[in-house]
Amino acid sequence: MVFMGDRATLLETGRFVQRHARNAADEIIEAVGAVDAAVDTTAETDAENETETEARHRRAAERGDLASMSALGALLLRRGDLDGAEPYLRGATAEGDRAAANNLGVLLHQRGYAEEAAGWWRVAAVAGSAPAAHALGRHHRERGDEPAAEYWLRQAAEQGHALGAYALADLLEHRSDVGAERWLRAAAEQGHREAAYRLALSLERRATETTRGPHETGTRLRVPGTRAIVSSGAPATGTAVPGQPTGEGAGEAAEAEQWFRQAAARGHRRAALHLGAILEHRGELKEAGRWYLSSAKEGEAKAACALGFLLRDAGDEESAAVWWLRAAQDGDGNAANALGALHAARGEQQTAERWYRAAMDAGDVNGAYNLGLLCAAQDRIPQAEQWYRRAAYAGHREAANALAVLLLQAGDANGAEPWFSKAAEAGSVDAAFNLGILHAGRDDDRTALVWYERAAAAGHTEAALQVGIAALRDGDEQTAERHLRCAAGGGSAEAAFRLASVLDARRPEPGPAVLGAPREEKSECEEWYERAAQQGHRRAQVRVGMLAAGRGDMAEADRWYREAAEAGSRNGAFNLGLLLAREGSEREAALWWTRAARAGHGRAALRLALLAARRGELTEGRHWCDRAVELGPAEVAERAARLSEALHQELTA
């Protein structure tokens, strides 16, 4: 396709997507591509075949037609027939055709005569050829002459030349010049997909910086094709920091998405990958999958990996494995880790190990960490330590934490502490909590609390519980409640029970029961007791049973007492016995009291002694009296002693 004179423009060829991988000469050819000439061959090739077009131009050129000489030279140049193109281009150039001068520069550049090529580009550029000005600017930049490069690229850009605008933006961005975005936008608006992609990245970066503030670090949007590290021992397959720009940054984020979309629609595979990640984060999984698929088909390994995760999450593990395999074979370490985790879950340890090694070879440090997890699960502790240490030295914080845990389990607390510290300072919440445990074990409660507070601030449930317990111990009920709520909300049954106890202590004493009064609604403390009870917390189960009994709901009380008793709660067994005895089931009550007494419940032993005394089983009664005296508390021991003496007198009377 060739144009001439005032109709001069640039058409990108299908090879443009690969321009960054080419050498400098090829980039110049690509940048000029279909160049200035006499006739718009786009329309012509729709109506007639290339052979007829060439023959027509050749006949006209032989008659001395300047436009046909230029067009024929351009056609042969694009075909790669340099020998055939050169005489026509030189002839047209001699007659003052600026398109031919530009194309002659392209031909000479292809042959390696860069300086001579630049001379003809200068001729064409001075005559007003924007493609030539762009090529000349690129020529000067490659030689380090940035002022000359900027001058000629600006000439091309100001004439509306998309590649000229993009190249100028690239030069200005390299110098951190704020004017770069203007020219990126100009190129993007003319359909330059790489410019659209880079403009989107710039807008997104500014949007996230606006959201975070100037002193925060990290990225708000998830890195495409990755998944979060799980610190509980699950295989690691990448990192992620979720979030969404808000407020002032939201507008720029929305504009960034539109430019990603435009670049992706023009076949930019990295833009399609990034667009897929934005949509996935927003929950629009179907469209995200479509863009991941588009990018993956163009050879983007990260997109294939991300598509695999989408399919896995949708329950299609087999299809996920196909895309992970494709990505892993293209060198994506994250996909190799995902395949390793998949095979490990199936019990295929050797295959899992092979993929973890492939991930490590691809430069993904998670591969070494996952190898450590795999070896630890097989009790291959020396090998696990080796892999953890390798990943830890490479900066993997969870590997550092895992290594410290191994050392601590081996009795090397001094060796473990530096690794816990390194992991915690790098942001490992588990390591911060573990440091708290380490210092608590040394009776250094002050330092332990510092680390617990740090882990709690990052959302660690058990750390929040420990901070809450410490605050209760110090009498700071407000701080205790705040942390206990966090821990209970995070799923800690103990925190839910302790929070309920704090709230329970504030409740006013219940007034006398009024006949016919409506049943009271469950209080917040009872709801927390129930949450803990449902998680199997035995003391909470007993307390829920007591509250239910207080409301007159004996069936509910029986259920919770029985559940606690069967789980080994002696208080649950004792209370269940009381409930059964009141309902006339004294024999079953005795069974539960016996279980409670044998577990160390003094009141249950006293109840059994009284029961035996009423039945006339005096020796049995004295046995349980002795047990009650032994177990206490003081009030129970005193009553049991008096009963034992009475039974003794009866036996010796």
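- A pairwise comparison of heavy atoms in L273 and Y292 identifies O-CE2, 3.5 Å as the closest pair.
- The heavy-atom pair separating E353 from R380 by the smallest distance is OE1-NH1, 3.7 Å.
- Between F260 and H274, the ring planes lie parallel to each other; the angle is under 30°, not in the 30° to 60° tilted range.
- Here the CG atom belonging to N434 is positioned 11.5 Å from the CH2 atom belonging to W451, to the nearest 0.5 angstrom.
- Separating the NE2 atom in H343 from the CZ atom in R354 is a distance of 7.0 Å, to the nearest 0.5 Å.
- By the 4.5 Å heavy-atom criterion applied to side chains, W560 and R543 are not counted as neighbours.
- R498 places no side-chain N or O within 3.5 Å of a backbone atom of L484 that could act as its donor or acceptor partner.
- Remark: the backbone N or O of A426 is paired with a side-chain donor or acceptor of R397 at under 3.5 angstrom.
- Closest heavy-atom contact between A488 and W528: CB-CZ3, 3.5 Å.
- A heavy-atom distance below 4.5 Å is found between the side chains of P633 and R603.
- Nearest heavy atom pair, residue A487 against residue A495, reads CB-CB, 3.4 Å.
- Screening E300, E194, E298 for a salt bridge (charged side-chain N to carboxylate O under 4.0 Å, His left out) involving R270 leaves a single residue, E194.
- In terms of heavy atoms, R261 sits closest to L275 at CA-CD2, 3.7 Å.
- Side-chain contact between N370 and M360 is absent, with no heavy-atom pair separated by less than 4.5 Å.
- Side-chain contact check for I437 versus Q466: every heavy-atom pair is 4.5 Å or farther apart.
- Between H601 and F574, the two ring planes are parallel [angle under 30°; tilted spans 30° to 60°].
- Although no hydrogens or angles enter the test, the distance criterion places a donor-acceptor pair under 3.5 Å between the side chain of R570 and the main chain of A599.
- Residues Y561 and N571 have side chains not in contact (no heavy-atom distance under 4.5 Å, counting atoms from C-beta outward).
- Atom-to-atom distance recorded for L371:CG and Q386:CD is 9.0 Å, nearest 0.5 angstrom.
- If you run side chain to side chain donor-acceptor pair (under 3.5 Å) between E481 and each of Q478, R485, H483, only R485 comes through.
- Of the residues listed (W419, W387, Y369), the one engaging Y393 in a ring pair (Phe, Tyr, Trp, His ring centres under 6.0 Å) is W419, and it is the only one.
- Summarising the geometry, atom CG belonging to D474 is positioned 12.0 Å from atom CD1 belonging to I469; distances are rounded to the nearest 0.5 Å.
- With a 4.5 Å cut-off on side-chain heavy atoms, E563 and Q534 do not count as touching.
- A 4.5 Å side-chain heavy-atom check between F497 and Y529 finds at least one atom pair inside the cut-off.
- In this structure, the side chains of W323 and C305 stay at 4.5 Å or more apart for every pair of heavy atoms.
- Among all heavy-atom pairs drawn from A301 and A327, the shortest one is O-CB, 3.3 Å.
- Heavy-atom neighbours of R446 CZ from other residues, nucleotides or ligands within 6.0 Å: at or below the threshold of 12.
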